[in-house]
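So the structure is just underneath, and the comments pick up after that.
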Amino acid sequence: MKILKPLISEFESLLENSNIHEAIDIKISSIEKFDYQINNLVKYQNHKDIEKILNGVEKLALDNQIIDSFEITEKNFFNFTINLNNVQDYLENFKENIKTEHSKKIIIDYGGPNIGKPLHVGHLRSLNIGRSLYHTNKLIGNSVTSDIHLGDWGMPVAQIIAYCEIQNIIINSITVDQLIDIYPKSSELYRSDKSFQILAKEINKNLNENENESIKKWKSIRNVSVSELKETLSILNHDFDLWLGESDVNNIIKPMIEKLTKEKKITLDDGALVSTQEKEPKILITKSDGSYLYLTTDLGTVLNRLENYEHDIVLYVVDNRQKFHFEQLFESIEYFDFPEKKYEHVGFGTVNDEKGNPFKTREGGVKQLIDLYKDTCAYLKNINKDLNEETIHELANTVLTYSDLLTNRKTDYKFNLNKFTNISGKTGIYVQYAQVRAKRLIEKSQDKDTNGELIITNEEERNLIVSLLNLEFYINQSTKFNEPHHLANYLYDISNLFNNFYQGENILSVENEEVKKSKLLITKYFLQNSNLVMSCLGINPVNKM
RNA sequence: GCUCUCGUAGCUCAAAUGGAUAGAGCAACAGACUUCUAAUCUGUAGGUUAUAGGUUCGAGUCCUAUCGAGAGCGCCA
């Protein structure tokens with residue numbers, strides 16, 4: 001944390017004097033009595049200079065303005081509390097203080113939804129995690145480009161077109177509902193019917209080769225599907241800088257393959273092209289009929305981005321089951337000598353129902369996201385009938401976002417609407433409620449002059465302020481590991497501490513003007529941080545609930 | 001069969017990616033509204049971190065084995 005940086009350098013140079021070169025790490029204290037701890041000294045219990053170092057630490061701690069009280073334990077844990085007289089500037093300029101020193105350019109690839117198929121609960125996590133990483137990175141000063149990266153190419157689309165052909169369905173007037181109906185039928189037919197398989201493969205090959213008639217049909221399907229998708233996503237408060245997809249790199253692939261063949265990076269194997277890298281299993285680049293695979297288009301996409309979008313990092317927000325694919329992709333990028341960027345698979349577990357099975361509706365189909373949204377709206381309306389549509393809309397999206405981001409992305413989790421919208425508990429409703437209280441309090445105070453001074457009068461205030469200081473740490477955790485759940489949990493913590501503070505005393509009836517002002521200031525800082533975290537999570541704060 | 005991931009309170013999940021006495025929420029029980037929004041707050045109870053070894057000053061986290069669950073494994077994306 002920036003506010004503790006001077007302390008870190010003092011500590012480090014003290015250790016340098018004894019020839020110990022290591023980065024000092026300040027952690028949030030695990031002991032209630034203290035705010036922070038430094039554990040670096042523990043492993044030097046038997047160091048020859050340990051007495052000298054400890055004396056130096058003691059002197060340093062006594063002189064340092066940011067340290068209020070401290071102790072060095074038997075095992076050499078260094079614990080301290082922070083002096084809150086020196087933190088007001090830091091809180092005032094929070095947005096500036098959390099800016100990163102080295103701004104990066106990041107592309108977020110959502111491994112997007114397939115066209116022809118409506119958004120379902122399986123898409124929820126990719127959308128939520130991606131959006132959170134997007135906003136959090138932007139907040140700290142990275143430049144971020146989001147690409148929905150539609151699944152608009154390959155066999156699934158070819159199957160739809162083939163199905164329409166044999167059923168005489170006129171594609172240029174096709175509707176979304178028809179597509180929803182056709183999608184499962186065509187893939188079922190593909191599995192069971194040999195002649196249909198041949199037809200679909202032929203159409204896929206035609207698409208790869210830009211054959212006019214197939215492309216025209218594909219375009220109609222894509223247009224209908226994308227406009228529906230855009231509408232649903234906008235209801236769910238999602239948008240993207242780029243609406244590219246697998247189809248956009250079709251023309252890049254042919255020259256790519258020619259070049260790789262010439263360089264002997266790929267070779268024929270049973271009629272298909274495989275990477276010449278020694279791997280088991282071998283990495284398949286194209287099918288034996290020459291048409292393209294998932295990996296082919298993803299490689300093409302890498303080249304497209306290198307050519308057209310300046311970037312340092314690409315994050316693929318795609319579920320864990322595709323881990324193997326990304327291992328192959330990243331290995332191939334290296335083996336093929338594509339320019340080096342940082343590539344990372346931000347994987348996540350599946351969303352299951354209460355029994356731990358993949359989320360499904362009673363009919364057996366996967367539950368559509370738009371229906372989930374509507375269910376949530378209805379649930380909220382039932383709890384409070386006075387809310388307007390806009391508030392219901394934002395709260396529903398809060399519920400669907402917050403509960404999703406609360407758990408570590410790596411593990412599967414069980415989805416339960418009742419749990420998420422529970423009146424009490426660690427929910428999106430709770431964090432919204434806390435900031436609504438803060439907002440109303442400031443409105444009611446009619447105190448336009450916010451230039452008060454921070455006066456800490458009790459433990460609740462102290463706990464809240466110290467916790468507010470720690471936002472920088474949690475932002476750091478979330479961006480470093482691409483894990484939004486750190487921020488989601490933190491938002492609950494500060495909301496709980498605020499409720500504690502709020503509930504403890506009637507602030508507007510405090511008689512001492514200075515103290516009252518300070519309490520409103522604390523409320524203001526809470527509101528600031530709460531809303532910052534909400535923006536990181538992709539949640540819009542409501543004004544009333 | 002091979003590879004990978006996971007196993008933490010009755011349930012759902014955290015735990016600073018090796019630090020001290022493993023924390024939250026739900027459910028349960030006991031309390032707090034003449035008070036700025038009680039969609040709130042406080043307290044109690046709940047654990048041999050699947051099991052057995054090992055590395056380390058220090059292990060839920062790293063290593064090995066066993067048991068259990070899930071996922072992936074060249075012409076789907």
Side-chain angles (χ1 to χ4, degrees), chain A residues 25-32 37 39-40 42-46 73-77 79 111 114 151 153-156 159 187 190-191 201 246 269-275 279-289 291-295 297-298 318-325 327-328 347 349-350 352 354 356 380 383-384 395 406-408 410-414 416 418-419 421-427 429-430 432-434 436-445 473-474 476-477 480-481 483 485-486 489 492-493 496 499-509 523 544-545:
Chain A
D25 189 21
I26 298 186
K27 300 186 179 212
I28 294 167
S29 179
S30 55
I31 291 176
E32 216 175 307
Q37 62 185 55
N39 301 340
N40 296 62
V42 178
K43 56 173 166 278
Y44 295 115
Q45 284 172 67
N46 297 318
T73 70
E74 247 176 88
K75 286 182 174 171
N76 296 345
F77 285 100
N79 299 317
N114 287 357
W153 206 237
M155 286 313 295
Q159 285 165 21
S187 59
Y190 185 80
R191 274 193 295 272
K201 280 181 181 172
E246 296 169 349
D269 185 293
D270 286 343
L273 286 168
V274 299
S275 170
K279 278 279 156 192
E280 194 52 50
K282 284 179 181 162
I283 299 174
L284 189 66
I285 305 294
T286 67
K287 298 189 215 178
S288 46
D289 69 354
S291 62
Y292 308 148
L293 290 156
Y294 190 18
L295 188 62
T297 51
D298 262 4
V318 180
D319 83 272
N320 280 337
R321 284 172 299 188
Q322 295 180 38
K323 194 180 165 190
F324 185 57
H325 165 75
E327 277 171 18
Q328 291 195 324
T350 49
N352 294 331
E354 280 149 77
L380 292 168
I383 292 171
N384 186 340
L395 286 178
L406 200 52
T407 57
N408 188 316
K410 286 172 190 158
T411 51
D412 299 345
Y413 81 86
K414 291 174 190 165
N416 178 329
N418 290 329
K419 190 183 91 186
T421 49
N422 206 318
I423 300 294
S424 59
K426 212 166 182 173
T427 63
I429 298 297
Y430 182 94
Q432 285 280 17
Y433 183 66
V436 164
R437 277 179 146 183
K439 215 175 263 177
R440 299 285 286 180
L441 184 53
I442 287 168
E443 275 171 28
K444 282 220 167 176
S445 75
F473 170 77
Y474 291 101
N476 201 355
Q477 289 288 300
K480 190 168 162 193
F481 301 111
E483 292 174 347
H485 77 279
H486 298 287
N489 280 286
Y492 176 81
D493 289 344
N496 180 237
N499 272 331
N500 230 309
F501 156 76
Y502 179 95
Q503 195 94 3
E505 191 172 16
N506 189 312
I507 290 157
L508 293 183
S509 55
T523 305
K544 205 179 161 184
M545 63 185 283

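Chain letters run A, B, ... following the sequence lines, proteins first and then strands; every chain starts at 1.
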Is any side-chain heavy atom of A:Phe324 less than 4.5 Å from a side-chain heavy atom of A:Pro281?
yes
Closest to the 5' end of RNA chain B, once A:Asn79 and A:Ile26 are matched to their nearest nucleotides, is A:Ile26
Taking only the C1' atom of each, what is the distance from B:G31 to B:G47 in whole angstrom?
26 Å
B:U3 phosphate, OP1 or OP2: any side-chain N/O from A:Lys323 under 4.0 angstrom?
no
Rounded to the nearest Å, what distance is computed from the NE2 atom of residue A:His485 to the C1' atom of nucleotide B:U12?
15 Å
Report yes if at least one side-chain N or O of A:Asn496 is closer than 4.0 Å to OP1 or OP2 of B:C41; otherwise report no.
yes
Counting only side-chain nitrogens and oxygens, does A:His486 get under 4.0 Å of the OP1 or OP2 atom of B:U17?
no
Hey, is the main chain of A:Ser509 close enough, under 3.5 Å, to the side chain of A:Asn506 for a donor-acceptor pair?
yes
Any idea which of B:U17, B:G25, B:A39 is nearest the A:Ile383 side chain?
B:A39
Do A:Lys201 and A:Met155 come close enough that some side-chain heavy atom pair is under 4.5 Å?
yes
Distance, P atom - from B:U40 to B:A50, rounded to whole angstrom:
33 Å
Quick one: are A:Leu380 and A:Ile429 in side-chain contact, heavy atoms under 4.5 Å?
yes
Are the side chains of A:Glu483 and A:Lys410 in contact, using a 4.5 Å heavy-atom criterion?
yes
In terms of the nearest nucleotide of RNA chain B, which residue is placed more toward the 5' end: A:Gln37 or A:Arg440?
A:Gln37
Determine whether A:Lys27 and A:Phe473 make a side-chain contact, defined as any pair of heavy atoms from C-beta on separated by less than 4.5 Å.
no
What about A:Asn499, does its side chain sit under 3.5 Å from the base of B:A39 through a donor-acceptor pair?
no
Nucleotide-resolved protein contact map, nucleotides 71-77 of chain B, B/S/- at heavy-atom distance under 4.0 Å
SS-BBSB
Within the pair A:Thr407 and B:G25, is there a side-chain N or O less than 4.0 Å away from OP1 or OP2?
no
Which part of the nucleic acid does A:Glu327 contact within heavy-atom distance under 4.0 Å: base, sugar-phosphate only, or nothing?
nothing
Kindly indicate whether the side chain of A:Val436, heavy atoms from C-beta on, has any atom under 4.5 Å from the side chain of A:Lys544.
no
Residues A:Ser275 and A:Ile285: closest non-hydrogen pair is N-CG1, 3.8 Å
Torsion-based syn/anti label for B:U17, 90° from 0 as limit
syn
Classify A:Asp412 by what it touches in the nucleic acid, base, sugar-phosphate, or nothing, heavy-atom distance under 4.0 Å.
sugar-phosphate
Summarise protein proximity over nucleotides 54-61 of chain B in one line of letters, 5' to 3': B for base, S for sugar-phosphate only, - for none, counting protein heavy atoms closer than 4.0 Å.
---B----
Using Watson-Crick and G-U wobble pairs whose two distances are both under 3.5 Å, how do you write the pairing of RNA chain B as dot-bracket, with | for links to another strand?
(((((((..((((.....[...)))).(((((.......))))).....(((((..]....))))))))))))....
Would you indicate what A:Gln328 reaches in the nucleic acid, counting non-hydrogen atoms under 4.0 angstrom: base, sugar-phosphate, or nothing?
nothing
Between B:C13 and B:U8, how far is it from one C1' atom to the other, in whole Å?
10 Å
Main-chain N/O of A:Ser30 paired with A:Gln37 side-chain donor or acceptor, under 3.5 Å:
yes
Would you say A:Gln45's side chain and A:Val42's backbone share a donor-acceptor pair under 3.5 angstrom?
yes
Answer yes or no for this row: A:Tyr492 ring on B:A24 base, centroids under 5.5 Å, planes under 30°.
no
Hey, does A:Asn489 have a side-chain heavy atom less than 4.5 Å from the side chain of A:Leu406?
yes
Side-chain N or O of A:Arg437 versus OP1/OP2 of B:A39: is the shortest distance under 4.0 Å?
no
Going by an N to O cut-off under 4.0 Å, is there a salt bridge joining A:Asp289 and A:Lys287?
no
